[in-house]
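Notes follow the structure.
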Amino acid sequence: MSYDLTKFKSMTEQLGIELTDNQYEQFIKYYEMLIKWNEVMNLTAITEFDEVIVKHFVDSISLIKAIDITKKIEIIDIGTGAGFPGIPLKIAYPNLKITLLDSLNKRVGFLNEVINELELKDIEALHGRAEDYAKAGQLREKYDLCVSRAVANLATLSEYCLPYVKVGGKFISYKSEKLSEELAVAEKAIGILGGKINTQIEFVLPETEIYRTFMIIDKKKETPKKYPRKAGTPSKDPLK
């Protein structure tokens with residue numbers, strides 16, 4: 001099947017991202033696998049090609065507006081779901097080393113199929129809860145950058161994500177709204193977890209009216225050993 005990539009190419013160019021024909025082919029193959037697997041399991045409510053391009057692929061790689069990802073850095077994507085933003089980032093920036101973490105084993109099966117089909121290197125998909133892999137001796141404080149598009153308040157997300165980040169690294173949360181009220185509530189929690197709010201980058205996705213925010217949090221000191229708390233607690237009882 002042939003796809004019109006005109007809009008996709010225009011949007012990536014406006015983000016300053018240059019993709020090869022092979023990379024665009026990888027995105028197409030990823031889209032086709034997403035739609036095929038979506039027939040038997042819930043991966044995404046967005047299935048129309050142009051919408052997936054904008055709301056999943058371009059949205060994921062727009063991270064370039066917040067941080068230089070052209071260098072070889074190690075990233076973990078918490079609550080990756082169908083692979084967003086981790087797989088689009090890996091396709092666009094092969095230099096990245098990426099870990100995808102999701103709590104549903106079926107989704108991890110899908111992610112592994114995508115990784116194999118697209119012949120992606122230096123990327124792995126893990127099945128488990130964020131609270132569990134953040135324990136000492138696992139993946140704790142291993143990454144330069146943690147990203148998440150998961151839907152949760154910032155205090156909860158920070159407890160899931162900051163334990164994975166090295167001191168000197170960053171946690172960046174993808175959001176669809178300005179975070180003034182949520183930010184005020186989360187600031188103390190972020191401090192407890194060893195983080196400090198850096199900045200909030202607001203923008204509109206190219207050629208759309210879709211508003212996006214990146215919340216950038218710097219890891220200033222080690223996260224106290226008692227965080228994250230046991231499974232389920234961060235979402236039920238966010239730090240205040």
Side-chain angles (χ1 to χ4, degrees), residues 1-39 41-70 73 75-102 107-108 110-123 125 145 147-151 172-176 201-214:
M1 186 174 175
S2 63
Y3 299 91
D4 184 355
L5 297 176
T6 308
K7 185 175 182 180
F8 192 13
K9 289 182 177 181
S10 175
M11 293 176 83
T12 54
E13 283 167 11
Q14 288 178 62
L15 287 171
I17 299 170
E18 290 185 24
L19 299 179
T20 64
D21 289 344
N22 182 60
Q23 285 169 306
Y24 283 115
E25 284 298 320
Q26 286 179 309
F27 273 113
I28 288 171
K29 191 179 283 188
Y30 182 19
Y31 168 74
E32 290 178 340
M33 293 183 72
L34 182 69
I35 298 309
K36 182 180 176 183
W37 280 65
N38 204 53
E39 292 173 1
M41 59 186 288
N42 183 26
L43 289 171
T44 178
I46 301 166
T47 56
E48 198 269 322
F49 181 69
D50 282 343
E51 273 203 279
V52 171
I53 292 297
V54 173
K55 295 178 181 177
H56 285 325
F57 295 171
V58 174
D59 184 51
S60 292
I61 63 178
S62 65
L63 182 67
I64 192 66
K65 294 183 74 72
I67 189 171
D68 182 3
I69 44 177
T70 61
I73 59 174
I75 299 176
I76 186 165
D77 175 8
I78 301 289
T80 187
F84 308 122
I87 288 180
L89 285 170
K90 182 63 188 177
I91 294 172
Y93 295 95
N95 51 285
L96 300 173
K97 185 173 183 181
I98 295 182
T99 300
L100 308 169
L101 181 62
D102 198 82
R107 281 197 294 256
V108 173
F110 165 72
L111 297 171
N112 280 320
E113 282 290 315
V114 172
I115 289 166
N116 290 333
E117 280 290 317
L118 273 51
E119 299 181 350
L120 301 175
K121 308 298 180 191
D122 273 343
I123 181 169
L145 175 64
V147 293
S148 183
R149 280 176 96 222
V151 179
I172 299 181
S173 173
Y174 286 65
K175 292 286 187 177
S176 57
I201 295 177
E202 303 166 51
F203 64 101
V204 174
L205 287 176
E207 300 186 23
T208 75
E209 295 180 357
I210 300 172
Y211 178 86
R212 286 290 182 262
T213 299
F214 283 122

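In this chain, numbering begins with 1 at the start of the sequence shown.
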Side-chain contact, heavy-atom cut-off 4.5 Å: [X] with [Y]?
{"X": "L96", "Y": "D122", "answer": "no"}
{"X": "L43", "Y": "R107", "answer": "yes"}
{"X": "S176", "Y": "Y211", "answer": "no"}
{"X": "Q23", "Y": "Q26", "answer": "yes"}

Check residues 111-119 and write down every donor-acceptor pair under 3.5 Å in which the side-chain atom is one partner and the other belongs to a residue at least two apart or another chain.
from	atom 1	to	atom 2	distance (Å)
N112	ND2	V108	O	3.3
N116	ND2	N112	O	3.2

### Query
Are F27 and Y3 near enough that their ring centres are under 6.0 Å apart?
no

### Query
Does the separation of the ring centres of F203 and F214 fall below 6.0 angstrom?
yes

### Message
Once salt bridge (Lys or Arg N to Asp or Glu O under 4.0 Å) is applied, do any residues pair with E51, and if so which ones, sequence neighbours excluded?
### Response
K55

### Task
Please list, chain by chain and in numerical order, all residues satisfying salt bridge (Lys or Arg N to Asp or Glu O under 4.0 Å) with E202, sequence neighbours excluded.
K178

Do [X] side-chain atoms and [Y] backbone N/O form a donor-acceptor pair below 3.5 Å?
{"X": "S148", "Y": "I78", "value": "yes"}
{"X": "N95", "Y": "T70", "value": "yes"}
{"X": "K90", "Y": "K121", "value": "yes"}

### Task
Measure up the F84 and H56 rings against each other and bin them: parallel (under 30°), tilted (30 to 60°), perpendicular (over 60°).
parallel

### Task
Look at atom CD of E18 and say whether more than 12 heavy atoms of other residues, nucleotides or ligands are closer to it than 6.0 Å.
no

### Query
Taking atom types as modelled and ignoring hydrogens, do the side chains of Y174 and T213 form a donor-acceptor contact shorter than 3.5 angstrom?
no

### Query
Is there a donor-acceptor contact under 3.5 Å linking the side chains of T20 and N22?
no

### Query
Can you tell me how far CG of L145 sits from CD1 of I76, rounded to the nearest 0.5 angstrom?
10.5 Å

